[in-house]
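We name chains A, B, ... by the order of the sequence lines, and we start the count at 1 in each one. Hydrogens, waters and symmetry mates are skipped; everything else that's a heavy atom, side chains included, is used.
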Protein chains: 2
Amino acid sequence: MARPAAAKKKAPAEVRKRGAEHAGRKPTPPARPRVARRPRQAEDKRSVILSAALGLFSRYGLHGTSVDQVAARADVSKSNLLYYFANKEELYVSVLRELLHVWLEPLRGFSAEQDPREAIAGYIRRKLVISRDRPDASRLFCLEMIQGAPLLRDELDRELRTLVERKSEVIAEWVRSGRLRPVAPHHLVFGLWALTQHYADFAVQVQAISGRTLQDAAFFEETVDNVQRLVLDGICAPAAVPA
Amino acid sequence: MARPAAAKKKAPAEVRKRGAEHAGRKPTPPARPRVARRPRQAEDKRSVILSAALGLFSRYGLHGTSVDQVAARADVSKSNLLYYFANKEELYVSVLRELLHVWLEPLRGFSAEQDPREAIAGYIRRKLVISRDRPDASRLFCLEMIQGAPLLRDELDRELRTLVERKSEVIAEWVRSGRLRPVAPHHLVFGLWALTQHYADFAVQVQAISGRTLQDAAFFEETVDNVQRLVLDGICAPAAVPA
DNA sequence: GTCTATAATTGGATAGAC
DNA sequence: GTCTATCCAATTATAGAC
C-alpha cells in the first residue's frame, strides 16, 4: 500500500533515456552487468512478466503458481516483479483483462446480412485459430469459469451477455428467414464455443487419443473441416434427415 | 511415512469391533462423546471426506484447496482427516480414481449393431445427465486436463485411448455402411465430449447468459434436444445440404 | 480413532541499501 | 529500478496424550 508501483496501476509509464543525465559523471560504469541493453525496457518488461504469468497461471491456476516461478520464467527477481505489480492478485487480474479482449474478439464479427453458412464457418475457423495460437488464453479462461469466475463475473454479466444477446438475435433472424433450421440461439453459441475451445483446453486428451496437435497444419485443417461440417450439416446421412 | 494410515493405501480397512478386546476391562467408557453411533463408520467416513474433497478440489483445484477446508466441510478435524489419508496428495489422487470410473462409464455402451441415431442420441443424453448430476466430476476432470493431467496420463494413454479406439471403429463402420456422413471418428468423439461437458464446466457462463441451469428440468430437456439435433442434423436448412 | 499442540516449510510481501 | 535480507501468515504434516 505504500509503494510506488503498488499505488494502483501503471508503474514505469515513461522511462527516461538511461544515462542521459549521467553522461560524463561516471567515467566508467563500475562493471555494468547488462550487455548493451536492448531498447525495450520498462513497459516492455511488464509484458514479459505478463506473458510469463499467463503461461503459468493458465496451467496451474492462481494458487498453483508462485510469484517466484513467474519471476524465474520472466527472468526477473521476485522483488523486481513485485515492483511492477503490487501483489500476486493484481498480476493475475491484469493477465485476465488482456485475455478477455483476445477471447471476445471473434465473437464480434457476424451480422444478419451475411450468409449464415459463411459466417458460422468463418467463426469456427477464427476460434480454432485462437485455440491453436493462444491455447493458454483459452485455458485460463476455462479455469476461471470452473471456479465460478469470481473475477470475471461482472464482465460476464455485462459485456459478454449483451454481446451474446445481440448475436443471438442475428441467429434468430436467420432461423425466422428459413436459412437455418430451428435452433435455440443460445445453445448454438454454447456449442460453437465448446467445440472450438475443447481443442485448446483438452489438448492433452486430444493428443493422447489422436496423437496430433493443432500445431500440425494438416490436423488443424482436418479439425476445422470436421467441426464446420458437424455444425452445419450434422452427421446423419441425408436420407435420415426428415424435413 | 511412519504412521499407521500413512503406510500406503487402505488405512482403516477393517475396523475391529470397538471394545471387543477391551470387554469388561473398562466398566464404563469415560464419557463417550458420540451419541448412539450410527452403524456407518470408518469406511463410510472415508467417503464423506472424499466427497467433501471432490466438491472443493473440483472448484479450486489441488492447490486452491487446503486440507483444513476439506476437513471443515466433511465435518472432521484436520488431524483426523490425515489419519485416513496420509497426505493431501493421496487424498487428491483417491478422488481422481473414483472419478475416472464415473466419467468413463457412458462411453462403454454403444456398438455397431445399434442404430447410429439412437446410439448417439442416447449417449448425448447420458453425458448430459452426468453434467447435471455430477458437475463436480466433470469439472475436476477438466482441471486435470488443463494442467496436462500429470496424474492421469497413464490411464489416458491406456484405458481411455483403447476405449476410444474401439468406439471409433464402430463409428467408422457406420460411415462405411452409409448410415453416417463421412466424419472423422475421433473428431466426432471430441465433439460429443465437448458439447456435453461444456454445460458442466462452463455452468456459470451458461447461467450468466441464459439465466438457466441443467437443474431446471425444462432447460435440461431443451439442452438435450438441441445438442442432439445439432450433432445429428446440423443447423443448415435442408435446401443447403448438398449430398 | 480422535484431539491438542507444534514442528517445519512454503511463499507472499516489505524494508532499505545501492 | 533492482537487489538482499527479512518478516510474517498460511499450511502441511507430525508427535503424543487421551
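For the pair L91(B) CG and dA13(D) C1', the computed distance is 14 Å after rounding to whole Å. Across the protein-nucleic acid pair, Q69(B) atom CD and dT11(D) atom P stand 7 Å apart, rounded to whole Å. Taking atom CZ on F85(B) and atom P on dG1(C), their separation rounds to 13 Å, with Å as the unit. Atom-to-atom, OH of Y84(A) to C1' of dC3(D) comes out at 13 Å; the value is rounded to the nearest Å. dT11(D) atom C1' lies 11 Å from atom CG of L82(B), rounded to whole Å.
Between the side chain of K78(A) and the base of dG12(C), at least one donor-acceptor pair of N or O atoms lies under 3.5 Å. A donor-acceptor contact under 3.5 Å is not formed by the side chain of S79(B) with the base of dT14(D).
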What side-chain donor-acceptor pairs closer than 3.5 Å can you find for residues 52-65 of chain A, not counting sequence neighbours?
residue : atom : partner : partner atom : Å
S58(A)  : OG   : L54(A)  : O            : 2.9
S58(A)  : OG   : G55(A)  : O            : 3.2
S58(A)  : OG   : R139(A) : NH2          : 3.2
R59(A)  : NE   : I146(B) : O            : 3.4
T65(A)  : OG1  : L56(A)  : O            : 3.4
T65(A)  : OG1  : G61(A)  : O            : 2.9

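For the residue pair Y92(A) / E144(A), a side-chain donor-acceptor distance below 3.5 Å is found, with atom types taken as modelled.
Candidate nucleotides dA13(D), dC3(C), dT2(C) were compared by shortest atom distance to the side chain of Y83(B), and dT2(C) ranks first. Distance from the side chain of N80(A) is smallest to dC3(D) among dA13(D), dC3(D), dC3(C). Counting only heavy atoms from C-beta on, K88(B) has its side chain closest to dT12(D) among dA13(C), dT12(D), dC3(C).
Residue-environment remark: CD (Q215(A)) exceeds the threshold of 12 foreign heavy atoms within 6.0 Å.
For DNA chain C, the residues of residues 53-66 of chain A within the heavy-atom distance limit of 4.0 Å (strictly under) are T65(A), S66(A), sorted by number.
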